[in-house]
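All values reported here derive from a predicted model rather than from experimental measurement.
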Amino acid sequence: MAIDESKYTTFQQFLLNLLSLLTIIPLAPYLNRYLPTLIFQGWHLDMLVAVLIAFLFTRLLLWVFKPLIIPAFALVLGILCFNYFTDNYTFTNVLNDYKGMVQGNWGAKNNKQFDILSLYPRRVEPYRDKTVRGIRDKTNYKDSLVRNFSVAHSVNDFDEYFPKYGKVSRYLALFNYINRHFKYVPDTRRDEYFATPMETIQNGLGGDCDDHSILMASCLQSIGARCRIVLIQGHAYPELYCGNKEDFEIMKQAIVTLFPHPPVKEIHYHEVKGEYWINLDYTARHPGGPYMNDKVYAVIEL
């Protein structure tokens with residue numbers, strides 16, 4: 001039964017309620033990591049549910065015995081401080097998660113690419129056959145070097161979000177590592193050279209757009225993702241399969257949350273018959289960046 005509140009002064013009640021609010025603010029996003037993604041008509045509601053749970057929890061403490069909010073606040077603060085020194089979920093993540101909720105629901109827009117790919121998703125122009133064959137032959141996700149490289153760098157970042165996003169957090173962490181370290185090096189003017197992913201890893205992640213595409217697709221497939229490579233006029237880029245509309249919304253929210261600097265304004269993607277693919281080009285700082293052009297010559301299913 002609740003304790004009589006009459007023995008608390010107005011100032012004491014104000015302080016306890018303030019502590020309750022300060023407990024809710026970090027507790028909600030921390031709990032949100034363990035909630036499934038909740039999407040209703042395109043709105044991401046899981047963070048709002050987490051805020052409600054944290055609010056009800058603190059109200060229960062205040063109803064049972066108001067001073068209980070003091071150790072609860074100290075515990076939440078202590079966990080975040082401990083995580084700060086162990087490189088886990090901490091104050092920066094709390095801020096980014098709130099930003100991600102706002103950006104995901106009101107800031108980031110979907111940008112579907114309308115081009116020949118939307119009408120003919122497996123279109124291949126005859127004069128591109130050599131390029132298609134060269135890229136397909138050099139793609140290799142079964143090699144041990146590729147697999148070990150991919151596993152190692154898929155856990156470098158976003159590990160604290162694995163309970164929330166699962167394998168998606170691994171895919172995005174691997175993308176993040178490759179894109180941050182990849183360096184563009186052109187081929188000779190006369191010959192087009194397609195490097196295997198093993199070569200690109202061994203040479204320090206240097207190469208041109210097709211080398212990047214082969215590397216990215218091979219590495220992601222080695223940890224369970226589904227990828228394809230799209231050839232456009234003067235360029236090639238990899239795409240990651242998201243799944244259906246609901247899966248795409250989960251991927252979108254993960255991108256907005258995990259790539260907050262700068263805030264994600266648009267997610268560029270292709271969609272054909274309910275299947276969603278997002279751009280993984282090295283020219284963008286986050287997955288789903290802009291496409292360079294819509295002159296699609298070939299789609300290489302791997």
Looking only at heavy atoms, which two atoms of Leu16 and Pro67 are closest? And how far apart?
CD2-CA, 4.4 Å
same_hphob_cluster(Tyr30, Ile69) at 4.5 Å side-chain heavy-atom cutoff:
yes
Distance in Å, Ile70 CD1 paired with Leu75 CG, rounded so as to fall on 0.5 Å steps:
14.0 Å
Does Glu271 reach the main-chain N or O of Lys112 with its side chain, forming a donor-acceptor pair under 3.5 Å?
no
Are Phe82 and Val94 connected into the same hydrophobic cluster when the rule is that any two of I, L, V, M, F, W, Y join if their side-chain heavy atoms are below 4.5 Å apart?
no
Is the side chain of Asn83 donor-acceptor paired with the backbone N or O of Asn88 at a distance under 3.5 Å, no angle test?
no
Leu220/Phe175 under side-chain contact (heavy atoms from CB on, under 4.5 Å): CA gap, chis, key distance, verdict
CA-CA 8 Å; Leu220 283 168; Phe175 165 90; 5.5 Å; no
Could you check if a side-chain atom of Asn93 sits within less than 4.5 angstrom of a side-chain atom of Pro29, using non-hydrogen atoms only?
no
Under 3.5 Å donor-acceptor, Tyr89 side chain and Ile79 backbone
no
Smallest separation among heavy atoms of Val76 and Pro26, with atom names:
CG1-CG, 3.6 Å
Keeping the roles fixed (side chain from Asn148, backbone from Ser144), state whether a donor-acceptor pair exists under 3.5 Å.
yes
Is the number of heavy atoms from other residues, nucleotides or ligands under 6.0 Å of Tyr98 OH greater than 12?
yes
Check whether more than 12 heavy atoms from other residues, nucleotides or ligands sit under 6.0 Å from atom CZ of Phe182, and answer yes or no.
yes
So Phe73 and Leu61, do their side chains get closer than 4.5 Å, heavy atoms only?
no
Single-linkage hydrophobic cluster, 4.5 Å side-chain cutoff, Phe162 and Ile223 together
no
Does a side-chain heavy-atom distance below 4.5 Å link Lys142 with Gln221?
no
If you round to the nearest 0.5 Å, how far is CG of Leu174 from NE2 of His153?
8.5 Å
Compare all side-chain heavy atoms of Met101 with those of Asn32 and state whether any distance is below 4.5 angstrom.
no
Test side-chain contact (heavy atoms from CB on, under 4.5 Å) on Val49 and Leu38 and set out the steps.
CA-CA 9 Å; Val49 172; Leu38 303 174; 3.7 Å; yes
With no hydrogens and no angle check, is any side-chain donor or acceptor of Asn17 less than 3.5 Å from a backbone partner on Phe14?
no
I'd like to know if the side chain of Ser222 pairs up with that of Ser150 as donor and acceptor (distance under 3.5 Å, no hydrogens or angles considered).
yes
Answer yes or no: is there a side-chain heavy-atom contact under 4.5 Å between Leu231 and Ile135?
yes
Nearest heavy-atom neighbours spanning Ser218 and Thr139:
OG-CG2, 3.2 Å
Side-chain contact, heavy-atom cut-off 4.5 Å: Leu52 with Leu56?
yes
Arg180 atom CZ: more than 12 heavy-atom contacts under 6.0 Å:
yes
Side-chain contact, heavy-atom cut-off 4.5 Å: His261 with Asn96?
yes
cation_pi(Arg228, Tyr241) dist<6.0 Å, angle<=45:
no
Minimum-distance pair of heavy atoms, taken over all atoms of Leu35 and Asp46
CD1-O, 3.7 Å
Atom pair CE/CG of Met47 and Leu45 - distance to nearest 0.5 Å:
12.0 Å
Which of these passes side-chain hydrogen bond (donor to acceptor under 3.5 Å, both in side chains) with His270: Glu275, Gln113, Glu239?
Glu239
Under a 3.5 Å distance rule, please check whether Thr200 uses its side chain to pair with a backbone N or O of Leu205 as donor and acceptor.
no
Take atom OH of Tyr184 as the centre, draw a 6.0 Å sphere, and report whether it contains more than 12 heavy atoms from other residues, nucleotides or ligands.
yes
Could you tell me how the ring of Tyr282 sits relative to the ring of His212: parallel (under 30°), tilted (30 to 60°) or perpendicular (over 60°)?
perpendicular
Heavy-atom pair of closest approach, residues Pro186 and Asp208
CA-CB, 4.4 Å
State plainly whether one hydrophobic cluster holds both Ile229 and Val132, where clusters connect Ile, Leu, Val, Met, Phe, Trp and Tyr through side-chain heavy atoms under 4.5 angstrom apart.
yes
With rounding to the nearest 0.5 angstrom, report the CD1 to CZ distance, Ile300 to Arg136.
6.0 Å
Are Leu27 and Trp63 grouped together when hydrophobic residues (ILVMFWY) are joined by side-chain heavy atoms under 4.5 angstrom apart?
yes
I need the Lys138 NZ to Asp210 CG distance, nearest 0.5 Å.
9.5 Å
Please determine whether side-chain contact (heavy atoms from CB on, under 4.5 Å) holds for the pair Tyr161 and Asp97, giving the CA-CA distance in whole Å, both sets of side-chain angles, and the decisive distance to 0.1 Å.
CA-CA 10 Å; Tyr161 287 93; Asp97 283 2; 2.4 Å; yes
Tyr141, OH atom: more than 12 neighbouring heavy atoms under 6.0 Å
no
Answer whether the closest heavy-atom distance between the side chains of Cys219 and Ile178 falls below 4.5 Å.
yes
Aromatic contact between Tyr84 and Phe91, with the criterion being ring centroids under 6.0 Å apart: yes or no?
no
Do we get Lys164 above Phe158's six-membered ring, with its NZ or CZ under 6.0 Å from the centre and within 45° of the axis?
no
So OG of Ser154 and CZ of Arg147: to nearest 0.5 Å the spacing works out to 8.0 Å
Steps toward side-chain contact (heavy atoms from CB on, under 4.5 Å) verdict (Leu95, Thr92)
CA-CA 5 Å; Leu95 179 61; Thr92 302; 5.8 Å; no
With a 3.5 Å cut-off and no angle check, do the side chains of Glu266 and Asn111 form a donor-acceptor pair?
yes
Taking only distance into account, with no hydrogens and no angle test, what donor-acceptor pairs under 3.5 Å do side-chain atoms of residues 244-259 form with protein atoms, sequence neighbours excluded?
unit_1: Asn244; atom_1: OD1; unit_2: Glu246; atom_2: N; d: 3.1
unit_1: Asn244; atom_1: OD1; unit_2: Asp247; atom_2: N; d: 2.9
unit_1: Lys245; atom_1: NZ; unit_2: Glu249; atom_2: OE2; d: 3.2
unit_1: Asp247; atom_1: OD2; unit_2: Asn244; atom_2: N; d: 3.2
unit_1: Glu249; atom_1: OE1; unit_2: His44; atom_2: NE2; d: 3.1
unit_1: Lys252; atom_1: NZ; unit_2: Ala108; atom_2: O; d: 3.4
unit_1: Lys252; atom_1: NZ; unit_2: Asn110; atom_2: OD1; d: 3.2
unit_1: Gln253; atom_1: NE2; unit_2: Gly100; atom_2: O; d: 3.1
unit_1: Thr257; atom_1: OG1; unit_2: Gln253; atom_2: O; d: 2.9

Pick out which of Trp277, Tyr291, Tyr276 makes a ring pair (Phe, Tyr, Trp, His ring centres under 6.0 Å) with Tyr269.
Tyr276
More than 12 heavy atoms from other groups under 6.0 Å of CZ on Phe85:
no
Scanning both residues in full, the closest heavy-atom pair of Leu280 with Leu240 reads CD1-CB, 3.5 Å
Would a distance-only check, ignoring hydrogens and angles, find a side-chain to backbone donor-acceptor pair under 3.5 Å from Arg285 to Pro262?
no
Ignoring hydrogens and geometry, is there a side-chain-to-backbone donor-acceptor pair from Asn156 to Tyr177 under 3.5 Å?
no
